[in-house]
Amino acid sequence: MSSLEVAVIGYGLAGSVFHAPLIASEPRLRVAAVVTGSAERAAQAEREHPGVRVLPDADALFADLSGIDLVVVATPNRTHAPLAQRAVAAGVPVVVDKPFAVTAADAEALVAQAERQGVLLSVFQNRRWDGDFLTVRQLIDTGRLGTVRRFESRFERWRPVPKGGWREVGDAADGAGILLDLGPHLVDQALTLFGPVRSVYGELDCRRAGIRTDDDAFLALTHESGVRSHLWMSAVAPRLGPRFRVLGSESGYLGYGLDPQEAALRAGRRPVDSSWGTVDSADWGTLGADPDAQPYPTLAGDYLAFYTGIADALLHGAPVPVDPRDAVAALRVLEAARDAAASGAARSL
């Protein structure tokens, strides 16, 4: 087998900017099929992936999965679980973009289905390979911070004028809102670092006119380990806070700005050169205790590692790079946060 043939369902931002370029950059994978109902996106897929088979809808793909080794679901949130279920039912391995499903119950059912049928299933939590997150993880794993007491993490934006897409005007069934847009990343990172959560507090607000769902959120997680994670996500932050602030018994880490890989992918770059994911020294975070904190090198980010892991899992039986049970756990936290926001009281897990 010269390459594994991959079908990407959806060729919007997720499919065209994140999944397809990373798949094409892994030598053992090939973008063989793209599903899109847009003539413009179909032409784009054909330009970017010569020889690709473009299909108008998922029904056309599932009517003939011959030769397809992996299905990638990169469609609007409400369709993630139903499309993944169809792939699993057909016996084809599947990767699902975040959020894994709109509800934890749907996610649990999908995991159970894949386990019964022995079908590979994973979730695209690419932010585990952000350079700043890899740096934080290294500092924790090597004990440079001592015992971590508090973890602060933010994805904040300043978008005072709504774009009007389904993420802003959709409802709960659509999986709309910033909690399910950015929350899966932030919660997954916190659970990856510090493990299970015993209680969740949440604040959800709808700040902009014409918006039907949350565009400003705060979550406070108390982990079973005793670490407290404070997570912010917002579309209405005119002054951006630090991306990470991690406070330990011996030292602390403070970092600003976003990992550069998304901007590079949007600009058409590909992770094929030695400088991929690197951060200029002027943008490194700082490590230490005030007033003596010093710049600390940011590790290079590596989104391609996800699809390298998928290829290893498909070809050699290695573990998937992201266990779908982790995504179920994150969805439980997000649901508890929504319940806590509605009641005004923390919820236990």
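Start at 1 with the first residue, then count along the sequence. Computed from a prediction, not measured in an experiment: that's the story for all the values here. In what follows, every heavy atom counts, from backbone to side chain, and hydrogens, waters and symmetry copies are set aside.
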Colleague: Go through Asp326 and Val123 one step at a time and tell me if the side chain to side chain contact (heavy atoms under 4.5 Å, CB included) criterion holds.
Modeller: CA-CA 9 Å; Asp326 294 348; Val123 185; over 6 Å; no
Colleague: I'd like to check the salt bridge (charged side-chain N to carboxylate O under 4.0 Å, His left out) partners of Asp57; sequence neighbours left out, ordered by chain and number.
Modeller: none
Colleague: Does a side-chain heavy-atom distance below 4.5 Å link Leu193 with Ile140?
Modeller: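 A side-chain contact under 4.5 Å exists here.
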Colleague: Kindly give the heavy-atom pair with the smallest separation between Val236 and Pro238, and that separation in Å.
Modeller: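 Scanning both residues, the minimum pair turns out to be O-CD, 3.2 Å.
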Colleague: Any sub-3.5 Å donor-acceptor pair from Glu168's side-chain atoms to Gly164's backbone N or O?
Modeller: yes
Colleague: Give, for atom CH2 of Trp284 and atom CG of Leu299, the distance between the pair rounded to the nearest 0.5 Å.
Modeller: 10.5 Å
Colleague: Compare every heavy atom of Asn77 with every heavy atom of Lys98, then report the nearest pair and how far apart it is.
Modeller: O-OD1, 4.1 Å
Colleague: Please round to the nearest 0.5 Å and tell me the distance separating atom CD of Glu115 and atom CG of Leu110.
Modeller: 10.0 Å
Colleague: Begin from the C-alpha positions of Arg53 and Glu5 and carry the test salt bridge (Lys or Arg N to Asp or Glu O under 4.0 Å) through to its verdict.
Modeller: CA-CA 11 Å; Arg53 179 165 58 116; Glu5 304 288 271; over 6 Å; no
Colleague: Between Ala217 and Leu204, which heavy-atom pair has the shortest distance, and what is it?
Modeller: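 The answer is CB-CD2, 3.4 Å.
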Colleague: Verify the cluster assignment for Val119 and Ile9: are they in a single hydrophobic cluster under the rule of side-chain heavy atoms below 4.5 Å apart?
Modeller: yes
Colleague: Drop me the distance from Gln189's CD to Phe244's CZ, to the nearest 0.5 angstrom.
Modeller: 4.5 Å
Colleague: Does this structure show an ion pair linking Asp259 with Arg127, if we count only N-O contacts that are shorter than 4.0 Å?
Modeller: no
Colleague: Is the centre of the Phe218 ring less than 6.0 Å from the centre of the Trp232 ring?
Modeller: yes
Colleague: Distance from Ser25 atom OG to Trp276 atom CH2, nearest 0.5 Å?
Modeller: 7.5 Å
Colleague: Go through the steps for Thr103 and Asp106 under the test side chain to side chain donor-acceptor pair (under 3.5 Å), then give the verdict.
Modeller: CA-CA 5 Å; Thr103 69; Asp106 288 344; 3.2 Å; yes
Colleague: Start with the C-alpha distance between Gln138 and Tyr296, add both sets of side-chain angles, then the distance that settles side chain to side chain contact (heavy atoms under 4.5 Å, CB included), and finish with yes or no.
Modeller: CA-CA 12 Å; Gln138 179 194 68; Tyr296 187 83; 3.0 Å; yes
Colleague: Is the closest side-chain heavy-atom distance between Val111 and Val328 below 4.5 Å?
Modeller: yes
Colleague: Please tell me if the side chains of Pro93 and Leu314 come closer than 4.5 Å, counting only heavy atoms from C-beta onward.
Modeller: yes
Colleague: How far apart are the C-alpha atoms of Val6 and Asp69, what are their side-chain angles, what is the distance that settles it, and do they pass the side chain to side chain contact (heavy atoms under 4.5 Å, CB included) test?
Modeller: CA-CA 6 Å; Val6 183; Asp69 302 296; over 6 Å; no
Colleague: Just to verify, which of Arg208, Arg157, Arg207 counts as forming a side-chain hydrogen bond (donor to acceptor under 3.5 Å, both in side chains) with Asp215?
Modeller: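 Considering Arg208, Arg157, Arg207, a side-chain hydrogen bond (donor to acceptor under 3.5 Å, both in side chains) with Asp215 is found only for Arg208.
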Colleague: For Phe151, is there any backbone N or O sitting under 3.5 Å from a side-chain donor or acceptor partner on His230?
Modeller: no
Colleague: In terms of ring plane angle, is the pair His19 and Tyr307 parallel, tilted or perpendicular, where the classes change at 30° and 60°?
Modeller: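 Ring orientation, 0 to 90° scale: perpendicular.
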Colleague: Identify the two heavy atoms, one from Leu179 and one from Leu219, that lie closest to each other, and give their separation to 0.1 Å.
Modeller: CD1-CD1, 3.7 Å
Colleague: With sequence neighbours left out, write down each residue that passes side-chain contact (heavy atoms from CB on, under 4.5 Å) with Ala346, or none if nothing qualifies.
Modeller: Tyr201
Colleague: Considering all heavy atoms of both residues, which atom of Trp166 and which atom of Gly175 are nearest to each other, and what is their separation?
Modeller: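 Answer, listing the atom of Trp166 first, then Gly175: CZ3-O, 3.9 Å.
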Colleague: I'd like to know if Trp129 and Leu186 are part of one continuous hydrophobic network [Ile/Leu/Val/Met/Phe/Trp/Tyr, side-chain heavy atoms within less than 4.5 Å].
Modeller: yes
Colleague: Are Leu315 and Ile23 connected, step by step, through hydrophobic side chains (Ile, Leu, Val, Met, Phe, Trp, Tyr) whose heavy atoms are closer than 4.5 Å?
Modeller: yes
Colleague: My understanding is that only one of Val95, Val92, Val88 makes a side chain to side chain contact (heavy atoms under 4.5 Å, CB included) with Val71; could you say which?
Modeller: Val92
Colleague: Quick one, Arg332 and Val200 - any side-chain contact, counting heavy atoms below 4.5 Å?
Modeller: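 Side-chain contact under 4.5 Å: no.
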Colleague: Measure the spacing between CG of Asp302 and OG1 of Thr278 and express it to the nearest 0.5 Å.
Modeller: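 OG1 of Thr278 is found 12.0 Å from CG of Asp302.
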Colleague: Membership question, hydrophobic clusters at under 4.5 Å side-chain separation (ILVMFWY): are Val52 and Leu4 in the same one?
Modeller: yes
Colleague: What do you reckon, is CZ of Arg30 surrounded by more than 12 foreign heavy atoms closer than 6.0 Å?
Modeller: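 Buried by this count: over 12 neighbours within 6.0 Å.
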Colleague: Using distance alone, with no hydrogens and no angle criterion, decide if Tyr11 and Glu48 have a side-chain donor and acceptor under 3.5 Å apart.
Modeller: yes
Colleague: Is Leu120 linked to Val94 within one hydrophobic cluster, defined over Ile, Leu, Val, Met, Phe, Trp and Tyr using a side-chain heavy-atom separation of less than 4.5 Å?
Modeller: yes
Colleague: Taking Thr147's backbone N and O only, do any of them form a donor-acceptor pair with Ser249's side chain (distance below 3.5 Å, no angle check)?
Modeller: yes
Colleague: Does a side-chain heavy-atom distance below 4.5 Å link Tyr303 with Phe18?
Modeller: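 They are in contact (side-chain heavy atoms under 4.5 Å apart), so the answer is yes.
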Colleague: Would you verify whether the NZ or CZ of Arg243 falls within 45 degrees of the ring axis of Phe155 while also being under 6.0 Å from that six-membered ring's centre?
Modeller: yes
Colleague: Would you call His223 and Leu191 a side-chain contact if the rule is heavy atoms closer than 4.5 Å?
Modeller: yes
Colleague: Do you know which of Asp214, Asp181, Asp174 makes salt bridge (charged side-chain N to carboxylate O under 4.0 Å, His left out) with Arg167?
Modeller: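 Of the listed residues Asp214, Asp181, Asp174, the salt bridge (charged side-chain N to carboxylate O under 4.0 Å, His left out) partner of Arg167 is Asp181.
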Colleague: Does the side chain to side chain donor-acceptor pair (under 3.5 Å) test come out yes or no for Ser3 and Arg28, once each step is laid out?
Modeller: CA-CA 5 Å; Ser3 64; Arg28 296 168 294 176; over 6 Å; no
Colleague: When you look at Glu156 and Ser234, which way does the side chain to side chain donor-acceptor pair (under 3.5 Å) test go after all the steps?
Modeller: CA-CA 5 Å; Glu156 294 177 327; Ser234 181; 5.8 Å; no
Colleague: About how many Å separate CZ of Arg245 and OG of Ser153, when rounded to the nearest 0.5 Å?
Modeller: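 Output value for this atom pair is 12.5 Å.
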Colleague: Tell me, with the steps shown, if Leu121 and Val96 meet side chain to side chain contact (heavy atoms under 4.5 Å, CB included).
Modeller: CA-CA 8 Å; Leu121 175 64; Val96 186; 4.1 Å; yes
Colleague: Is the number of heavy atoms from other residues, nucleotides or ligands within 6.0 Å of CZ (Arg269) greater than 12?
Modeller: yes
Colleague: If every non-hydrogen atom of Gly285 is compared with every non-hydrogen atom of Thr298, which pair is closest and at what distance?
Modeller: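 What the structure gives for the nearest pair is N-OG1, 3.9 Å.
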Colleague: Would a 4.5 Å heavy-atom cut-off, applied to side chains only, mark Leu139 and Leu287 as touching?
Modeller: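 Leu139 reaches Leu287 side chain to side chain.
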Colleague: For Arg198, which residues count as a side-chain hydrogen bond (donor to acceptor under 3.5 Å, both in side chains) partner, sequence neighbours excluded?
Modeller: none
Colleague: Would you confirm whether Gln113, through its side chain, and Gln85, through its main-chain N or O, come within 3.5 Å as a donor-acceptor pair?
Modeller: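 Checked: pair present.
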Colleague: Are side-chain heavy atoms of Asp130 and Leu258 found at a separation under 4.5 Å?
Modeller: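 Side chain of Asp130 against side chain of Leu258, heavy atoms only: no contact under 4.5 Å found.
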Colleague: Has the side chain of Ser251 got a donor or acceptor atom that lies under 3.5 Å from a matching backbone atom of Gly288?
Modeller: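 Yes: the side chain of Ser251 pairs with the backbone of Gly288.
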